[in-house]
Engineer: 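Please see the structure below; I have some questions.
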Protein chains: 2
Amino acid sequence: MPTKSSGAAPGREHAGQVIASVERAAHVLMHFAETPSDTLGVTEIAEALGMSKAAVHRILASLRVRGLVELDPATRRYSLGAGAMRLGLACLDRIDVRRIAGPELVTLSRRTDETATLSIRTGRHRVYVDQVTPAREVIMSVSLGVAHPLHAGGSSKAFLAFLTGEEIEDYLSYGPLEPLTGNTIVDKATLRRELAAIREAGYAQSFSERMPGAASVAAPILDHHGRPLAVVSVSGPAERFREEARHCAEMLLESTTRLSAQMGWTAPG
Amino acid sequence: MPTKSSGAAPGREHAGQVIASVERAAHVLMHFAETPSDTLGVTEIAEALGMSKAAVHRILASLRVRGLVELDPATRRYSLGAGAMRLGLACLDRIDVRRIAGPELVTLSRRTDETATLSIRTGRHRVYVDQVTPAREVIMSVSLGVAHPLHAGGSSKAFLAFLTGEEIEDYLSYGPLEPLTGNTIVDKATLRRELAAIREAGYAQSFSERMPGAASVAAPILDHHGRPLAVVSVSGPAERFREEARHCAEMLLESTTRLSAQMGWTAPG
DNA sequence: GGACCTGTTCCACACACCGTAACGCCGTTT
DNA sequence: AAACGGCGTTACGGTGTGTGGAACAGGTCC
């Protein structure tokens with residue numbers, strides 16, 4: 001059997017009739033987004049995705065025609081191209097919460113002198129879509145566009161806590177909670193209690209749950225149904241954050257309350 | 001001959017052996033970025049790109065598996081998905097000029113009370129990669145990620161003017177200057193004089209050259225070789241901009257001078 | 001110089017993808 | 001109501017296209 005039939009993606013169910021080569025091309029493309037390195041070689045990709053070098057080469061040549069990837073003739077290595085950027089920008093341009101939250105992130109970062117971030121949810125994950133870093137020496141900086149699970153870290157827990165009970169149970173039922181660090185909550189009962197506490201407090205906090213040495217406070221921006229549209233966080237190095245947390249949380253809630261109001265949310269009661 | 005061989009893309013030369021279906025899939029994907037509407041239907045795409053409905057449907061189904069596009073089951077219409085966003089964010093995260101210029105755009109917008117934008121060049125075009133809009137009623141707002149030619153409008157001319165003489169001639173030799181409005185400069189000799197004036201002044205200005213009713217001033221951010229890394233503009237409605245232009249240009253140059261210095265540029269002389 | 005990487009090209013065969021055409025499914029129209 | 005036109009989706013069989021393995025070419029490193 002030369003071609004590996006079926007296989008498909010890890011995520012979704014059936015999706016009708018698909019073209020194997022297109023699906024593989026999409027896989028190659030997404031690999032660029034998921035890998036930390038800026039450039040990739042043909043062999044590197046072929047090995048990572050279990051494809052033949054020839055196939056990867058042909059795919060890259062095809063994607064190159066539309067500018068989705070670029071080839072550096074000197075190094076013979078490939079990277080994401082202008083087309084990919086335009087694709088992402090076209091998406092971002094349609095997420096209006098980002099435009100609205102932008103100035104607030106700047107304010108928040110200035111007032112706390114820490115990094116302010118904005119995340120949105122994509123199914124069982126979330127991604128950072130914006131960040132504003134303060135002008136000081138030691139800061140936190142996140143990678144935009146990388147998917148993170150919903151159970152580890154401040155922003156993630158803030159999302160999870162404000163979903164419906166059904167959605168939370170659905171998330172939990174999917175499988176075991178993978179630890180990202182030694183501090184990640186992996187026990188489901190513990191996580192349920194934590195989420196209840198977050199709803200009570202109105203914000204989540206995390207010390208090294210997702211990334212060692214990083215700490216954050218995070219709160220959701222709610223729409224007029226009370227559903228979390230996005231999450232704002234303030235994060236910094238764990239050492240100095242321990243004493244700043246309360247102050248940051250205050251500033252954070254002030255910002256997210258204002259943003260939620262702009263998105264049509266009205267406080268209960 | 002059922003399949004239309006060759007054809008390829010309008011832009012590039014040969015690119016070795018390519019896979020027709022992947023190239024077409026990329027074409028479909030890019031169509032989402034280029035079209036102003038958020039969602040597209042199968043027939044709509046098929047007609048726009050001259051493909052059969054069946055082919056478009058199969059391509060969309062394949063892209064959907066990797067999350068590059070999403071299907072709204074209610075309307076049966078497709079839009080860009082989370083994967084596309086992650087792709088773009090992965091790119092943007094690697095453009096550090098954007099991170100550095102961000103705060104300056106905020107400052108600039110506040111000081112002028114107009115829209116501040118940031119563009120980067122992609123070959124014979126440029127795209128807006130960021131914008132900050134002021135909090136007032138009537139404002140300019142640009143579309144991020146859409147490609148614009150280099151001869152029409154403030155930001156475009158600012159790029160062109162600061163390229164090398166060889167690059168400028170190469171651009172001009174490519175074909176006639178397509179007018180985007182009645183004010184677009186279409187005569188090459190006139191454009192050359194205009195570019196010289198821009199280099200002299202240090203900034204470009206435009207009234208309705210790219211978009212009717214829109215005006216702007218724009219200046220480049222230069223790296224340590226004096227090459228334009230990016231262009232910053234301040235833009236607004238043409239009517240009120242006529243009297244604001246000089247003041248905006250002052251603020252603009254202050255910002256771009258600071259940014260160029262940060263990128264390693266040192267003023268000549 | 002040769003061993004060992006890369007990325008790229010060649011080739012003939014199998015089979016995956018192509019377009020045509022028919023299928024449901026909604027809205028609106030007659 | 002029933003017929004229409006629009007949509008997105010599926011079926012099908014033939015052909016031409018993409019497949020993987022292996023050979024090629026151009027590097028760098030011992």
Side-chain angles (χ1 to χ4, degrees), chain A residues 1-8 12-29 31-32 35 37-66 69-79 81, chain B residues 1-8 12-28 31-32 35 37-65 69-79 81:
Chain A
M1 56 195 79
T3 62
K4 187 175 282 180
S5 65
S6 70
R12 296 298 155 203
E13 55 280 13
H14 73 295
Q17 184 110 261
V18 302
I19 303 172
S21 24
V22 171
E23 208 263 305
R24 288 200 283 177
H27 199 180
V28 169
L29 207 47
H31 187 60
F32 277 96
T35 200
S37 113
D38 286 21
T39 69
L40 292 171
V42 172
T43 312
E44 208 171 335
I45 299 170
E47 282 177 1
L49 306 184
M51 297 164 51
S52 74
K53 283 201 298 176
V56 171
H57 180 259
R58 280 190 297 256
I59 287 171
L60 289 172
S62 312
L63 294 175
R64 196 152 79 87
V65 173
R66 293 285 167 200
V69 302
E70 274 166 11
L71 169 62
D72 181 347
T75 64
R76 312 252 90 177
R77 286 177 71 80
Y78 293 83
S79 60
Chain B
M1 56 194 78
T3 62
K4 189 176 281 180
S5 66
S6 70
R12 297 298 155 202
E13 53 278 13
H14 73 296
Q17 184 110 269
V18 303
I19 303 171
S21 24
V22 171
E23 207 262 305
R24 289 202 283 176
H27 198 179
V28 169
H31 187 60
F32 277 96
T35 201
S37 113
D38 286 21
T39 69
L40 292 170
V42 171
T43 311
E44 209 171 334
I45 299 171
E47 283 178 2
L49 306 184
M51 296 162 53
S52 75
K53 284 201 297 176
V56 171
H57 180 260
R58 281 190 297 254
I59 287 171
L60 289 171
S62 311
L63 293 175
R64 198 152 78 88
V65 173
V69 301
E70 273 165 10
L71 169 62
D72 180 346
T75 64
R76 312 253 87 177
R77 287 176 70 80
Y78 294 84
S79 60

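Throughout, protein chains are lettered first and strands after them, A, B, ... in sequence-line order, and every chain is numbered starting at 1. Computed over heavy atoms, backbone and side chain alike; hydrogens, waters and symmetry mates excluded.
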Engineer: Checking contacts here: which listed nucleotide (dT20(C), dG7(C), dG20(D)) is nearest the side-chain heavy atoms of Arg24(A)?
Structural biologist: dG20(D)
Engineer: I want to check one thing: is the phosphate of dG8(D), taken as OP1 and OP2, less than 4.0 Å away from some side-chain N or O of His57(B)?
Structural biologist: no
Engineer: Rounding to an integer number of Å, can you tell me how far Met51(A) CE sits from dT19(D) C1'?
Structural biologist: 11 Å
Engineer: Starting at CZ of Arg77(A) and ending at P of dT28(D), how long is that distance when rounded to a whole Å?
Structural biologist: 15 Å
Engineer: For Arg66(A) and Ala26(B), which heavy atoms make the closest approach, and how far apart are they?
Structural biologist: CG-CB, 3.5 Å
Engineer: Supply the atom-to-atom distance His27(B) NE2 to Ile45(B) CD1, rounded to the nearest 0.5 angstrom.
Structural biologist: 11.0 Å
Engineer: I'd like to check Leu60(B) versus Val28(B) (side-chain heavy atoms, cut-off strictly below 4.5 Å). Are they in contact?
Structural biologist: yes
Engineer: Once hydrogens and angles are ignored, does a donor-acceptor distance under 3.5 Å link the base of dG19(C) to the side chain of Lys53(B)?
Structural biologist: no
Engineer: When you measure from the side chain of Glu23(B) to the backbone of Ala20(B), do you find a donor-acceptor pair of N or O atoms at a distance under 3.5 Å?
Structural biologist: no
Engineer: Arg58(A) or Val22(A): which one's nearest nucleotide on DNA chain C is closer to the 5' end?
Structural biologist: Arg58(A)
Engineer: Taking 4.0 Å as the cut-off, does a side-chain nitrogen or oxygen of Ser52(A) come that near to OP1 or OP2 on dT19(D)?
Structural biologist: no
Engineer: I need the CG-C1' distance between Leu40(A) and dT6(C), as an integer number of Å.
Structural biologist: 14 Å
Engineer: Starting from P on dC7(D), measure out to CG on Leu60(B) and report it in whole angstrom.
Structural biologist: 15 Å
Engineer: Of all the nucleotides listed (dG20(D), dC17(C), dT9(D)), which has the minimum atom distance to the side chain of Ala54(A)?
Structural biologist: dG20(D)
Engineer: Counting just side-chain N and O atoms, does Thr43(A) come under 4.0 Å of either OP1 or OP2 of dC5(C)?
Structural biologist: no
Engineer: Could you pick out which residue, Glu44(A) or Ile19(A), lies toward the 5' side of DNA chain C when each is mapped onto its nearest nucleotide?
Structural biologist: Glu44(A)
Engineer: So does Tyr78(A) get a side-chain nitrogen or oxygen closer than 4.0 Å to the phosphate oxygens (OP1/OP2) of dT8(C)?
Structural biologist: yes
Engineer: Atom CD of Glu47(B) and atom C1' of dC7(D): how far apart are they, to the nearest Å?
Structural biologist: 11 Å
Engineer: Rounding to an integer number of Å, can you tell me how far Ile59(A) CD1 sits from dT19(D) C1'?
Structural biologist: 11 Å
Engineer: Rounded to the nearest Å, what distance is computed from the CZ atom of residue Arg76(B) to the C1' atom of nucleotide dC23(C)?
Structural biologist: 14 Å
Engineer: Which heavy atom in Val42(B) sits nearest to a heavy atom in Lys53(B), and how many Å separate them?
Structural biologist: CG1-O, 3.6 Å
Engineer: In this structure, how many angstroms lie between the C1' atom of dC23(C) and the CD atom of Gln17(A), rounded?
Structural biologist: 15 Å
